[in-house]
Student: 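My structure is below; once you've seen it, I'll send some questions.
What's counted below: heavy atoms across the whole structure, side chains too, no hydrogens, waters or symmetry copies. Residue numbers begin at 1 in each chain, while the letters A, B, ... track the order of the sequences.
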There are 2 protein chains.
Amino acid sequence: MATQPTRADARGNRARILEVAEEVFGRGGSAASTEEVARLAGVGIATVFRHFPTKQILLEAVVVRHFDRLCRRAQSLAESDDPGPAFFDFFGQIVADAAGKLAIIEAFTDAGGDVNGKAGQGPRDLREAVGVLLRRAQDAGAVRTDIGLDEVHALLVGVSRAVAHIRLDERARARALEIIFDGLAPGDSWRQPRS
Amino acid sequence: MATQPTRADARGNRARILEVAEEVFGRGGSAASTEEVARLAGVGIATVFRHFPTKQILLEAVVVRHFDRLCRRAQSLAESDDPGPAFFDFFGQIVADAAGKLAIIEAFTDAGGDVNGKAGQGPRDLREAVGVLLRRAQDAGAVRTDIGLDEVHALLVGVSRAVAHIRLDERARARALEIIFDGLAPGDSWRQPRS
DNA sequence: GAATATACGGAGTGGAGACTTCGGATGGCA
DNA sequence: TGCCATCCGAAGTCTCCACTCCGTATATTC
C-alpha cells in the first residue's frame, strides 16, 4: 500500500485525487476513466498513477475510505442511549445516500475487486459495528430477535441498491423503508413509533 | 428494429446469438465482449453485428426478451384462484433467479440504455401485470392496502439486487424474504404515523 | 538562495474491443 | 441441377484507455 508522501503538495494532490475519484466513479462507475479523475483533480495523469499505481488500487482506496466513514458513523450511533432509533436511523441514512456510493463499490467489484478480501478491514469492521447496533436494538425490544446480521445485511444492501437504481421519489422511498422496518419489528410491540 | 431474416440459417443464428448473449452478459455484465458471444454462439463476429448492429442494440434485444418472459409469468399467475400466494410466489421466484438476470439489465443501463425508454413496452407491461397481482392480493386481504406499485417495485428490485450481489445462502435469503413479506402483510392495529 | 531529493505533466506505447470490408459459401427456388 | 440473393467469417481499422518515460519544476533543507 502506498505510504503517505512526504512533500506537502504531494499529500494535497493525493487527497484531492481521492476526493475527485469518489465523485467520478460514483457517477460513471468503473467505466469512468482515470484521465477524467486527473483532469477534475487538476493534475496530470502521471500523478494519479504515481499515487495509485493501478486503477484497481485507486478504486480500492476510495472504497476503503467509504467503509471507514460508514463504520465510524455506525460506531458513534452505537453509543446512543436509544438503541432502537439508532439502528433504524443508521439504516435510513445508509439508504438515503446510497445512490452514488454504491456505484463505487460496484465499480470496484466490476474491476475484479473483492470487497471482503484485500479491501482491508473495512467491511469486517462495518459488519461488526452494525452487529452491535443490531444487538442493542434487539435487547431494547425494537427489533425482532429471530434475525441475524446476515438478513439485516441483505436488506441494507438490497434497499440501497433499489434506491440507487430506480428513481424513487422521497415518498416511495420512505414507504419502502417503512415496510421493511415493520418487517424487522418484533411481532407485538411493532406499533411503537420510531424516530 | 431488425426484422426477422428470411433464410433459415440466419434465423437460427439470430436465435442462438440471443440465447448466448443472455448467458454471457448475465455472467460478465456489460464488460463482456461481443466477440465472446460470437465464439460461444459458433459464428463470426460479423454475423453478430449483422443481426444486431450495435452492442447496445444486442443488449436491448436481450432485455426485451427477458421482460417478455417475466411478464408472461406474471400474467399467468394473475389468473390464479389464490391471489395471495400468487403474489408472494411471483415475488419469490423473481428473487430466486435474480442473480444472472439482473446483470443483464445492469449491463444495458451501463451501456447508456434506458429501461423505461426505448426498451419498448416490456417494463410497462410487466409493471401492469404486477399491478394486477398486487391489487388482487390486496383485495384478498393478503397484502396491506396502504402501499402501491411503486413500493412493491422498489422492494422487488431491491431484494433481487441484494441477492444478486451478496452471496446469500439459501437460509438467509429465505429469512430476508420473510421479513419483507411480514412487512407487506396487513397488520391489525395498523396505523401509527412514523417519520 | 543554492542544492537536491521529491514530485509533476505531457507525450508516448500497447492492447483491447467495437465495428467494417470483402471475397467466399450456401439456402431457396426454377 | 444451376442460379443468385442472402448470409457468412477472417482479417482488418479505428478509437479509447490504462499505464510509462523522461525532461522539467518546486518544496525542503542548510
Side-chain angles (χ1 to χ4, degrees), chain A residues 1-21 24-25 27-63 103-104 106-113, chain B residues 1-21 24-25 27-63 103-104 106-113:
Chain A
M1 179 131 299
T3 54
Q4 203 71 285
T6 61
R7 251 169 67 170
D9 53 349
R11 269 196 309 270
N13 280 339
R14 192 180 195 280
R16 198 143 13 90
I17 289 169
L18 263 180
E19 194 109 0
V20 170
V24 169
F25 291 126
R27 194 156 27 79
S30 65
S33 70
T34 315
E35 198 178 339
E36 190 183 351
V37 174
R39 203 178 52 249
L40 289 191
V43 301
I45 318 171
T47 299
V48 175
F49 279 97
R50 192 168 306 109
H51 288 289
F52 307 95
T54 281
K55 186 183 186 179
Q56 174 77 358
I57 291 177
L58 172 56
L59 277 166
E60 187 177 314
V62 172
V63 168
I104 299 164
E106 257 167 60
F108 177 58
T109 54
D110 268 12
Chain B
M1 179 128 302
T3 54
Q4 203 70 288
T6 62
R7 252 169 68 170
D9 53 348
R11 268 196 310 269
N13 280 340
R14 192 179 197 280
R16 197 143 14 89
I17 289 168
L18 262 181
E19 195 108 0
V20 170
V24 169
F25 290 127
R27 194 155 29 78
S30 65
S33 71
T34 315
E35 197 178 340
E36 190 183 351
V37 173
R39 202 178 53 250
L40 289 192
V43 301
I45 319 170
T47 299
V48 175
F49 279 98
R50 194 167 305 109
H51 288 290
F52 307 95
T54 281
K55 186 183 186 179
Q56 173 79 359
I57 291 178
L58 171 57
L59 277 166
E60 187 176 314
V62 173
V63 168
I104 300 164
E106 256 168 61
F108 177 58
T109 54
D110 268 12

Student: Measuring from atom CG of B:N13 to atom CG of B:L18, what distance do you get when rounded to the nearest 0.5 angstrom?
Tutor: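 Atom-to-atom, B:N13:CG and B:L18:CG are 11.5 Å apart.
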Student: Give the C-alpha distance, both sets of side-chain angles, the deciding distance and a yes or no for side chain to side chain contact (heavy atoms under 4.5 Å, CB included) between B:V63 and B:E60.
Tutor: CA-CA 5 Å; B:V63 168; B:E60 187 176 314; 5.7 Å; no
Student: Could you run down the sub-3.5 Å N/O contacts of the protein with nucleotides 3-7 of chain D?
Tutor:
from  : atom 1 : to   : atom 2 : distance (Å)
D:dT6 : O2     : B:R7 : NH1    : 2.2
D:dC7 : OP1    : B:T6 : N      : 3.4

Student: Roughly how far apart are B:R16 CZ and B:D9 CG, rounded to 0.5 Å?
Tutor: 9.5 Å
Student: Taking salt bridge (Lys or Arg N to Asp or Glu O under 4.0 Å) as the definition, give me every residue that meets it alongside B:E36, ordered by chain and number, with sequence neighbours left out.
Tutor: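 Only B:R27 meet the salt bridge (Lys or Arg N to Asp or Glu O under 4.0 Å) criterion with B:E36.
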Student: Which residues, if any, of residues 30-45 of chain A bring a heavy atom under 4.0 Å of DNA chain C?
Tutor: A:G42, A:V43, A:G44
Student: Using a heavy-atom cut-off of 4.0 Å to chain B, what are the terminal contacting nucleotides of DNA chain C, in 5' to 3' order?
Tutor: C:dA18 to C:dG28
Student: Who pairs with A:I17 by side chain to side chain contact (heavy atoms under 4.5 Å, CB included), at least two apart in sequence or on another chain?
Tutor: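 If we apply the side chain to side chain contact (heavy atoms under 4.5 Å, CB included) test to A:I17, skipping adjacent residues, the hits are A:V37, A:A41, A:V43, A:T47, A:V48, A:H51, A:F52, A:L58.
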Student: Could you tell me how far apart B:R14 (CZ) and D:dC8 (P) are, to the nearest whole angstrom?
Tutor: 12 Å
Student: Any idea which heavy atoms bring B:K55 and B:F25 closest together, and the distance?
Tutor: CE-CE2, 3.8 Å
Student: If you find the nucleotide of DNA chain C closest to B:T54 and the one closest to B:A8, which residue's nucleotide is nearer the 5' end?
Tutor: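 Its nearest nucleotide being more 5', the pick is B:T54.
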Student: Has A:R14 got a side-chain atom pairing as donor or acceptor with A:P5's backbone, closer than 3.5 angstrom?
Tutor: no
Student: Please give, in whole Å, the distance from D:dC17 P to A:Q56 CD?
Tutor: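 So the CD-P distance, A:Q56 to D:dC17, works out to 18 Å.
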Student: In chain order, what residues pass the side-chain hydrogen bond (donor to acceptor under 3.5 Å, both in side chains) check against B:R39, with sequence neighbours excluded?
Tutor: none
Student: Might you point out which heavy atoms bring B:E35 and B:I45 nearest each other, and give the distance in Å?
Tutor: CG-CD1, 4.0 Å
